[in-house]
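Worksheet for the structure shown next.
Chain letters run A, B, ... following the sequence lines, proteins first, then strands; residues in each count from 1. Every value quoted in this text rests on a predicted model; they were computed, and no experiment measured them.
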Amino acid sequence: MLNSNAQAKAFKIAVPSHDSSDEDDVPLAQRNRIATPSKPAPMNHDSSDDEDDKPLSQKVECKKRVGETTADMSSDDDVPLSKRIASKATPSSAPKSVKKEIKRDSDDEFPLSQKQTALKKVKAEPMDVDVPSRKRPADTKATPVKREKKVKKDAEDPDFYKWWEEEQTAEIESDDSVKWTTLQHNGVMFPPEYVPHGIKMKYDGQPITLSPEAEEVASFFAALLETEHGQNPVFQKNFFEDWQEVLKKDPKNPKIKEFSKCDFRPIWNKFEQDKEKKKAMTKEEKLRAKEEKTKAEQPYLYALVDGRKEKVGNFRIEPPGLFRGRGSHPKTGRLKKRVQPEQVTLNLGIDAKIPEPPKGHKWASVVHDQTATWLATWKENVNGAIKYVFLAATSTWKGQSDMQKFEKARELKKHVARIRSDYTRDLKDKLSEVRQRATAMYLIDRLALRAGNEKGEDEADTVGCCSLRYEHITLEPDNVLHFDFLGKDSIRYQNSVQVEPQVYKNIRIFKKQVGEGQMIFDRLTTAGLNKHLNSYMKGLSAKVFRTYNASITFQQQVDELTKPDDSVADKLLSYNRANRLVAVLCNHQKSASKTHDQMISKIGDRIRALKYQRMKLRKQLYALDPKMKKKPEYADMESDLEDEWIVEHEKNLVEKEKEKIKSKFEKQNDKLIADKQPRMPQSELKEKLKAATELQDRLKKERKLAKIEPKASMTVEKLVASIQKIDERIAATKNQATDKEENKEIALGTSKLNYIDPRITVAWCRQHDVPQEKVFSKTLLEKFRWAQTIPDDWVSRAEVCLESVTNILVEILNSRIK
DNA sequence: CTAGTCACTTAGGAATTGGCTT
DNA sequence: AAGCCAATTCCTAAGTGACTAG
């Protein structure tokens, strides 16, 4: 449905035929020695070959819900924290990850006393982690220069743990490690109870009365009446079935048999009115409502992890509603029921205070799983999916794993050459299993496809690499493969790619073996593929290639596109271009806004208006100093301004001037009336309006002149400065237009948020003197705080062998844009 | 092996905010 | 001082991938 216009234009992939056979003989460990210098030294690497260290058995043991068994921690408040933990450490068999946890804790940046108070306080009463920033009347330490209104100076808050300032961080943790020692939070926030509105919808033309529960569900649908969901027959059918179940619960509900006889419009209208009302609220009312909301969520905003304050992410329990599945999801429209506390399990420290469940309710259970980072979990009824409450993206846990993800991608750089030469070789392997794997790896690597786990019957039919079916790839002449399938979120992937002849041959063979409707890689599973990848590098899986290729492509492109002498605006354009290339690579799309075309033409108008202004300035300049005519920087550049447009524009200018005069006149009159003075006569207005007519005449006259006599006070310097300013604005607006047009259906946000190593951006900003706020929003800056501390010489140079990949991308981009 | 469970990241669209005219 | 619309944030669906039970 999306991007159907994306021109499927063929482009070339040249797999670098670098390092062939002999390279393979070099032991992996030795090859690794070419390491990137900047990687933080893993703390416990003492010999070069412990790469694939630790027998599996050692790791397995530390899963289990640790907290449930250990009953200590209760009486030792006075023992220094470091000792406490040390004494608690599992005896000799303790996996190394546990040990490390302890070590880090002991040299924590906070004074011990502070920590203990934090812990004690917690035990005393419902956790009181107050927000320090709220109404800090005289922020003494803040420099007077910058005073944001809403100030959340989290960065300066000593309560926030700067984990990246610690010595050791980058060791890639296995998943079963202990993540915390103490954990305290206030649970989850439930949505408000349903308040019936009593608006009667109609059935068969008659107003009907519904039980509150049935009314609630009907209202869920009514709210979506005008949306795509509301029009979707599957959505309607699923909703209707579930609604009927609810209706049956109360015998007083009318018998409702046919969806087509239902009229939800009255409820829909009510909601529209509510929206209006909300908009019409006064400022104070709005402010108060907001304050109340903020107050209600206070208790849930933060958790204490090992005594440190950490922001919680999604502490709200998802409210009931209709499941909005994407694409053609068979269950879309089903009723997502209200979640009761009895379904919610909390994860807490063993001696943490258990948050009160809502009155008359209890929690499903409380666990102490130290290997997990979730705070609460429940199961959703539509798909049986498990939902979690996690910490926010700015938290230590999320930040560390984010950094580890990028470190892993950087690590792949050391192995990728061999992986590529191996799969190139394996394309011809006699075992079809191996050949399929190699072919899939080629696609994952070169096209950044997702792994493609298999999906169930009751989900939308979408695919990734391993689950591609016969009909998703078509063979075109010249070794061109045409891809057309629905990927994650049912986003369409369309692309024509010229591939290695052997890849082309393989696909043809695989397809012939299976036939319509069948998976092309019938001998391949994501698990098998990942197992193979893991043998190259610990933690390597298919998704790492996406991260790796995204980051390295960005690095390479942004370096290539940015010119040192460019203006900041131009540099930003380059940045966004590189970003966009990555978004295209990863197929991150958005639906083009309805107002896109309108917006573009508006910008065009703005540019013309600026050019018009410039023309006027230029002519004045010529009048003052005819020599200026010779200087190219003040030359005519508005040649594309058509006379017709100018006439129209001037008409508008005059019109605007009139409006201005009129409204000023009205205002003055209002004031006079307020002062009990007589109002000015209409003739006065007429008099004033003459100014507009004069403007009209003057503009008309000036139109033919090459020189315009400026005001007496005008100087050459002033004019030159004005022209320069206008030129800058023109350039900026033009860039904006280009950017917008190129971005029509491409979403940059996802790659910026998840795929591009933020350290590349930080380094780029420093190198080119671009303030980071220009490329990172407030939340992004916060999320990527860990990336700010890179040394000035932090680089991850794109490797030469990747050039071919990126050149391909430039071609795709260009073909898609035009 | 296979299907299912679990925990975590990635994703687009809706809702809200905020900055800019008017 | 309000209205407009792009940017940002929120929401939660939809992936990945490790692990487990049968």
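- No engagement by A:Gly749 is indicated, since no non-hydrogen atom pair under 4.0 Å with the nucleic acid exists.
- Taking the ring centroids of A:Tyr755 and A:His588, they lie under the 6.0 Å cut-off.
- The one candidate from A:Val188, A:Leu346, A:Leu183 that meets the side chain to side chain contact (heavy atoms under 4.5 Å, CB included) condition with A:Leu375 is A:Leu183.
- Side-chain proximity of A:Lys455 to the nucleotides C:dG15, B:dG12, C:dA13 is greatest for C:dG15.
- Residue A:Thr750 places at least one side-chain N or O under 4.0 Å from the OP1 or OP2 atom of B:dG12.
- One interatomic measurement links the two molecules: CZ of A:Phe220 to P of C:dT12, which rounds to 12 Å at whole-angstrom precision.
- Counting any heavy atom pair closer than 4.0 Å across all strands shown, A:Ser401 reaches sugar-phosphate atoms only and no base atom.
- Checking the phosphate oxygens (OP1, OP2) of C:dC11, no side-chain nitrogen or oxygen of A:Arg326 falls inside 4.0 Å.
- In this structure, A:Arg324 and A:Phe776 both approach DNA chain C, and ranking their closest nucleotides by distance from the 5' end singles out A:Phe776.
- Rounded to whole angstrom, the span from the CD1 atom of A:Ile746 across to the P atom of B:dA11 amounts to 15 Å.
- Listed by residue number, the members of residues 329-338 of chain A with any heavy atom below 4.0 angstrom from DNA chain C are A:His329, A:Lys336.
- Taking the nucleotide of DNA chain B with the nearest heavy atom to each of A:Thr227 and A:His588, the more 5' of the two is matched to A:His588.
- Within 4.0 Å (heavy atoms only), A:Arg450 reaches sugar-phosphate atoms of the nucleic acid but no base atom.
- Minimum atom distance to the side chain of A:Asn754 is reached by B:dT10, of the listed C:dG17, B:dT10, C:dA13.
- Interatomic distance, A:Asn347 CG to A:Tyr388 OH, rounded to the nearest 0.5 Å: 10.5 Å.
- Ring pair A:Phe235/A:His229: centre-to-centre distance below 6.0 Å.
- Among the candidates A:Lys337, A:Arg324, A:Lys336, the single residue satisfying the salt bridge (Lys or Arg N to Asp or Glu O under 4.0 Å) test with A:Glu318 is A:Lys336.
- Two rings, from A:Phe554 and A:Tyr575, have their centers less than 6.0 Å apart.
- Within the nucleic acid shown, A:Gly464 has no heavy atom closer than 4.0 Å to any nucleic acid atom.
- For the pair A:Tyr755 and B:dT9, the criterion of a side-chain N or O lying under 4.0 Å from OP1 or OP2 is not met.
- Within residues 522-533 of chain A, the residues approaching DNA chain C are A:Asn530, by heavy-atom distance under 4.0 Å.
- Here the CZ atom belonging to A:Arg577 is positioned 12.5 Å from the CG atom belonging to A:Asn579, to the nearest 0.5 angstrom.
- OP1 or OP2 of C:dG15 lies within a sub-4.0 Å distance of a side-chain N or O belonging to A:Thr462.
- When distances run from any side-chain atom of A:Lys488 to the nucleotides B:dA11, B:dG13, C:dG17, the shortest one goes to B:dA11.
- In terms of position along DNA chain C, the nucleotide closest to A:Leu780 lies nearer the 5' end than the nucleotide closest to the other residue of the pair A:Asn314 and A:Leu780.
- The phosphate of B:dG13 has OP1 or OP2 within less than 4.0 Å of a side-chain N or O from A:Ser591.
- If you measure from atom CH2 of A:Trp378 to atom C1' of B:dC6, you get 15 Å, rounded to the nearest angstrom.
- Relative orientation of the A:Tyr493 and A:Phe483 rings is perpendicular, given thresholds of 30° and 60° on the angle between their planes.
- Here C:dG15 presents its C1' atom at 10 Å from NZ of A:Lys543, a figure rounded to the nearest Å.
- Dashed line: the shortest gap from a side-chain N or O of A:Ser777 to OP1 or OP2 of C:dT9 is under 4.0 Å.
- In this structure, the CG atom of A:Leu449 is 17 Å from the P atom of B:dT10, given to the nearest Å.
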Exercise. Given the rule in the side-chain contact (heavy atoms from CB on, under 4.5 Å) test, do A:Leu412 and A:Ile419 qualify, once you have shown the distances and angles that lead to the verdict?
Worked result: CA-CA 9 Å; A:Leu412 172 55; A:Ile419 294 172; 3.8 Å; yes
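- From A:Asp757, atom CG reaches atom CD1 of A:Ile552 across 10.5 Å, with rounding to the nearest 0.5 Å.
- Atoms CZ and OG1, from A:Phe390 and A:Thr373 in turn, are 5.0 Å apart once rounded to the nearest 0.5 Å.
- For C:dT16, the OP1/OP2 oxygens have no side-chain nitrogen or oxygen of A:Ser541 closer than 4.0 Å.
- The distance between atom CG of A:Asn453 and atom P of C:dG17, rounded to the nearest whole Å, is 7 Å.
- With A:Lys752 contributing its side chain and A:Val775 its backbone, the two residues share a donor-acceptor pair below 3.5 Å.
- Of the residues listed (A:Arg326, A:Lys455, A:Arg469), the one engaging A:Asp461 in a salt bridge (Lys or Arg N to Asp or Glu O under 4.0 Å) is A:Arg469, and it is the only one.
- For the pair A:Lys744 NZ and C:dA6 C1', the interatomic distance rounds to 17 Å; values are reported in whole Å.
- Which of C:dG17, C:dT9, C:dT12 sits closest to the side chain of A:Ala542 comes down to C:dG17.
- Following rounding to the nearest Å, A:Asn347 (CG) and B:dC8 (C1') show an atom-to-atom distance of 14 Å.
- Centroid-to-centroid, the aromatic rings of A:Phe323 and A:His329 come within less than 6.0 Å.
- Near DNA chain B, defined here as any heavy-atom distance below 4.0 Å, the residues from residues 382-391 of chain A are A:Ile386, A:Tyr388, A:Phe390, listed numerically.
- Comparing C:dA13, B:dT9, B:dA7 against the side chain of A:Trp374 picks out B:dA7 as the nearest.
- Positionally, the nearest nucleotide of DNA chain B for A:Thr377 lies more toward the 5' end than for the other of A:Thr377 and A:Asp402.
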